[in-house]
Amino acid sequence: MKTLKNQTIFLAVFLVTIATFGQEYEESQKIDYKTGNPANWPAELDAVIAAPNNHKILLENDQVRVLEVYLAPEEKEPLHHHKWPSVLYIQEAADFIDYDSNDKVIFNTQKLPEPLSFPLTMAKEPEAPHSVVNLSKTKPIRLIRVEMKPESTNQNIGIIDGLYKSFGEGDIPSVLEAIDEEIIWNEAEGNAYAGGNPYIGPEAVLKGVFERVGAEHEYFKLEDIELHEMSNNQVLATLRYNAKVKETGKTYNAQVAHLWTLKDGKVSAFQQYVDTKKINDAMGN
């Protein structure tokens, strides 16, 4: 497994190098595509989510996501997008057509004056929702796609990850330091703590949420935390609350989502989504 990971990392670096120094060759082997603003593209159309049978993750970290892409002969992949700049190493292909979200043709290899030569390496900006059809009856389309994540993505994920670690250690001052002086904090509607929505500023969040949670629970744990990079400087956290209420002695384990918005390295907004019935039943509300 370690060898495969090292080989994949080497391939990612190799492809980026080729893309950087192979501009002249790329011009003669140009494949048209549509780009745009990834913030306007539905998150559920991400390639791995919308077309998982065609996009296998070989490696993912804070810097890159490396995908193995495969289309069987005569297969049409589901509509999807790639929100990050990419380098493609197309290993094998015959004729194909690429369609946009309105089923209009973006690129058709059959219209080229000369056929493409493979293997082919090219760089792409974020690629708008599209769907490729493999026209060959015998040959698959095979390629490696290295998606390069922007620095802000890594920074935002790191900030929220650090915030959760501080909360888990009971280091509330560090949590408060991570949020903006004018943060807009909203608890889920129906939550016992939603009466003060929106909480504006760290002091309001401390008094209206954190201190009340601590005073009313024997323990309150955040578990199974997974962070998901979103567009527009947002991070989505999916997790669970594992807690016990002091007054009733009841416990609850609730499914939760937190949507964090960041600005200039600070949390500027927070929205909680949670199974409020579980919490209210445990608290006797």
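For reference, positions follow the sequence shown, starting with 1.
- At a threshold of 4.0 Å, the pair R65-D46 counts as salt-bridged, since one of the basic side-chain nitrogens sits closer than that to a carboxylate oxygen.
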* To do: Evaluate the criterion side-chain hydrogen bond (donor to acceptor under 3.5 Å, both in side chains) for residue pair E77 and S131; output intermediate values, then yes/no.
  => CA-CA 6 Å; E77 62 183 355; S131 176; 5.3 Å; no
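- For the pair K76 and Y99, the cation-pi test (distance below 6.0 Å, angle within 45°) is passed.
- Under a 3.5 Å cut-off, the side chain of T121 and the backbone N or O of P119 do not form any donor-acceptor pair.
- The OG atom of S136 sits 12.5 Å away from the CD atom of E75 when rounded to the nearest 0.5 Å.
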* List the steps and the verdict of side chain to side chain contact (heavy atoms under 4.5 Å, CB included) for H80 and H55. => CA-CA 10 Å; H80 65 281; H55 299 84; 3.5 Å; yes
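- Rounded to the nearest 0.5 angstrom, E218 CD and K246 NZ are separated by 7.5 Å.
- Side-chain contact between V235 and L262 is present, with heavy atoms from C-beta onward closer than 4.5 Å.
- N186 has its side chain out of reach of Q272: every pair of non-hydrogen atoms, C-beta onward, lies at least 4.5 Å apart.
- Centroid-to-centroid, the aromatic rings of H130 and H81 stay 6.0 Å apart or farther.
- At a cut-off of 3.5 Å, with distance as the only test, a side-chain donor of T238 or H228 sits close to an acceptor on the other residue.
- Around the CD atom of E74, the shell of radius 6.0 Å holds more than 12 heavy atoms that belong to other residues, nucleotides or ligands.
- Within 6.0 Å of the CD atom in E92, the count of heavy atoms belonging to other residues, nucleotides or ligands exceeds 12.
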Distance-only donor-acceptor hits, side chain of residues 200-212, under 3.5 Å, sequence neighbours excluded:
residue: K207; atom: NZ; partner: E211; partner atom: OE2; Å: 3.4
residue: R212; atom: NH1; partner: G208; partner atom: O; Å: 3.2
residue: R212; atom: NH2; partner: A192; partner atom: O; Å: 3.4

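- Between the CG atom in D224 and the CG atom in N242 there is a gap of 9.0 Å [rounded to 0.5 Å].
- In this structure, the side chain of T251 does not engage the main chain of A243 through any donor-acceptor pair within 3.5 Å.
- When every heavy atom of N134 is checked against every heavy atom of A72, the shortest pair comes out as ND2-O, 3.1 Å.
- Rounded to the nearest 0.5 angstrom, N191 CG and K277 NZ are separated by 14.5 Å.
- Of all the heavy atoms in A237 and L227, the pair that sits closest is CB-CD2, 3.7 Å.
- In this structure, N280 contributes its side chain and G190 its backbone to a donor-acceptor pair below 3.5 Å.
- Taking all atoms of both residues into account, the shortest heavy-atom contact from Q91 to F118 is O-CB, 4.0 Å.
- To the nearest 0.5 Å, atom CG of residue L143 and atom CG of residue L71 are 8.5 Å apart.
- F270 has its side chain out of reach of L259: every pair of non-hydrogen atoms, C-beta onward, lies at least 4.5 Å apart.
- Y273 and Q255 are not linked by any side-chain donor-acceptor pair at a separation below 3.5 angstrom, with hydrogens and angles left out of the test.
- What you find for E44 and I49 is that their closest heavy atoms are O-CG2, 3.5 Å.
- Separation of the W185 and Y193 ring centroids does not fall under the 6.0 Å cut-off.
- One hydrophobic cluster holds both V213 and L163 under the rule that ILVMFWY side chains link at heavy-atom gaps under 4.5 Å.
- For the atom pair CG (N197) and CD (E187), the distance works out to 6.5 Å, reported to the nearest 0.5 Å.
- A distance-only check finds no donor-acceptor pair linking the side chain of K263 to the backbone of N233 [under 3.5 Å].
- E60 has a carboxylate O that lies under 4.0 Å from a charged side-chain N of K149, or vice versa, which qualifies the two as a salt bridge.
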* To do: Carefully, step by step, assess K83 and E147 under the rule salt bridge (charged side-chain N to carboxylate O under 4.0 Å, His left out).
  => CA-CA 8 Å; K83 60 185 173 182; E147 299 176 323; over 6 Å; no
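- Residues N253 and E223 come closest through the heavy atom pair ND2-OE1, 4.4 Å.
- With Y219 as the aromatic partner, K244 does not meet the cation-pi criteria of under 6.0 angstrom to the ring centre and within 45 degrees of the ring axis.
- Following chains of ILVMFWY side-chain contacts shorter than 4.5 Å, one cannot reach I97 starting from I106, and the two form parts of different hydrophobic clusters.
- Remark: Y241 engages F220, H258 in a ring pair (Phe, Tyr, Trp, His ring centres under 6.0 Å) (not counting sequence neighbours).
- Residues T109 and L116 are in side-chain contact: their nearest non-hydrogen atoms beyond the backbone lie under 4.5 Å apart.
- At distances below 3.5 Å, not a single donor-acceptor pair connects side-chain atoms of S166 with backbone N or O atoms of S174.
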* To do: Check the pair W84, E229 against side chain to side chain contact (heavy atoms under 4.5 Å, CB included), reporting the backbone distance first and the verdict last.
  => CA-CA 12 Å; W84 298 305; E229 184 268 338; 3.2 Å; yes
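- Although no hydrogens or angles enter the test, the distance criterion places no donor-acceptor pair under 3.5 Å between the side chain of S268 and the main chain of I183.
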* **Stepwise side chain to side chain contact (heavy atoms under 4.5 Å, CB included) check, Y252 with D281** => CA-CA 9 Å; Y252 60 87; D281 287 348; over 6 Å; no
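- With E68 as the fixed residue, the side-chain contact (heavy atoms from CB on, under 4.5 Å) test singles out one of N54, L58, I57: L58.
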* Asked: For H82 and Y33, what are the C-alpha separation, side-chain angles and deciding distance, and is it a side-chain hydrogen bond (donor to acceptor under 3.5 Å, both in side chains)?
  -> CA-CA 11 Å; H82 298 271; Y33 66 98; over 6 Å; no
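- When hydrophobic clusters are built by joining Ile, Leu, Val, Met, Phe, Trp and Tyr residues whose side-chain heavy atoms come closer than 4.5 Å, directly or via intermediates, M230 is not grouped with W41.
- Between Y70 and I141, the closest side-chain pair of non-hydrogen atoms is not below 4.5 Å.
- I184 is not connected to I160 by any chain of hydrophobic side-chain contacts under 4.5 Å among Ile, Leu, Val, Met, Phe, Trp and Tyr, and they are in different clusters.
- Exactly one residue among L112, V132, D100 makes a side-chain contact (heavy atoms from CB on, under 4.5 Å) with F107. That residue is L112.
- In the displayed structure, N37 atom CG is contacted under 6.0 Å by more than 12 heavy atoms of other residues, nucleotides or ligands.
- Using a 4.0 Å cut-off between charged nitrogen and carboxylate oxygen, E127 and R145 count as a salt-bridge pair.
- Within the 4.5 Å cutoff, the side chain of K124 has no heavy atoms near those of the P85 side chain.
- Linking ILVMFWY side-chain heavy atoms closer than 4.5 Å, directly or via other members, places L67 and I31 in a single hydrophobic cluster.
- Residues L79 and A50 come closest through the heavy atom pair O-CB, 3.4 Å.
- In E114, the CD atom is not crowded: 12 or fewer heavy atoms of neighbouring residues, nucleotides or ligands sit closer than 6.0 Å.
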